[in-house]
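In what follows, a structure is listed as structure tokens, so that the remarks can point back to it.
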Amino acid sequence: MITYKKLKTFIKYNGDIDLFIRSSWFLFDRTTDSEFVLIEQLLKEARMLQKNEVSPDIAEVIRQKITENCDNQKTIEFLYSLARNDKFFPPVWFPPSDN
């Protein structure tokens, strides 16, 4: 279950699971690596939802998934606010073509 505190942990490590796992905080925090990955996935899906990049049927599935995996409305609202933050979504870089 994703909580407000676990989202704050995600922010603390800038969404970098490797840094999170290597830190000693990993031993004391109640956030697991699978929850960290779930947060990353939910953020990506929430962002697609906010940008209207999914069909209405998929949007409903995403909303239901977010509701099922977050502990309360405050957490859901915080997740959506993080999804609006470009910090967790670096621009995609394509290497120059040889042509």
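The structure displayed is predicted, hence computed values, not measured ones. Computation of the quantities below employed the complete heavy-atom set of this structure, encompassing side-chain atoms and omitting hydrogens, waters and symmetry-equivalent molecules.
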Is there a side-chain contact between Tyr4 and Asp71, using heavy atoms and a 4.5 Å cut-off?
no

So SG of Cys70 and CG of Leu38: to nearest 0.5 Å the spacing works out to 8.0 Å

With heavy-atom distances below 4.5 Å as the criterion, would you say the side chains of Glu35 and Ile2 are in contact?
yes

Under a 4.5 Å cut-off applied to non-hydrogen side-chain atoms, are Thr75 and Asn72 in contact?
yes

Check: Ile39 main-chain N/O paired with Lys6 side-chain donor or acceptor under 3.5 Å
no

Separation between CZ of Arg63 and OH of Tyr80, rounded to the nearest 0.5 Å:
6.0 Å

Consider only side-chain heavy atoms of I, L, V, M, F, W and Y, link residues closer than 4.5 Å, and tell whether Val37 and Leu82 are in one cluster.
yes

Would you say the side chains of Glu68 and Gln64 form a donor-acceptor pair under 3.5 Å?
yes

Within this structure, what is the CD-OG distance for the pair Glu60 and Ser55, rounded to the nearest 0.5 Å?
11.0 Å

Going by the angle between their ring planes, with limits at 30° and 60°, are Phe36 and Phe10 parallel, tilted or perpendicular?
tilted

So, do Ile62 and Ile58 sit near enough that their side-chain heavy atoms are less than 4.5 Å apart?
yes

Grab the two heavy atoms, one from Tyr13 and one from Leu19, that are nearest each other, plus how far apart they are.
CD2-CG, 3.7 Å

Side-chain contact, heavy-atom cut-off 4.5 Å: Ile11 with Phe78?
yes

What distance separates Leu43 CG from Gln50 CD, expressed to the nearest 0.5 Å?
9.5 Å

Hey, mind stepping through Leu79 and Leu42 against side chain to side chain contact (heavy atoms under 4.5 Å, CB included) and telling me if it holds?
CA-CA 8 Å; Leu79 179 81; Leu42 292 176; 4.1 Å; yes

I'd like to know if Asp86 and Arg47 make a salt bridge, using a cut-off of under 4.0 Å between side-chain N and carboxylate O.
yes

What distance do Thr31 atom OG1 and Lys12 atom NZ have between them, rounded to the nearest 0.5 Å?
10.0 Å

If the condition is salt bridge (Lys or Arg N to Asp or Glu O under 4.0 Å), which residues does Glu77 pass it with, not counting sequence neighbours?
none

Measure the CG-NZ distance between Leu7 and Lys5 for me, rounded to the nearest 0.5 Å.
12.5 Å

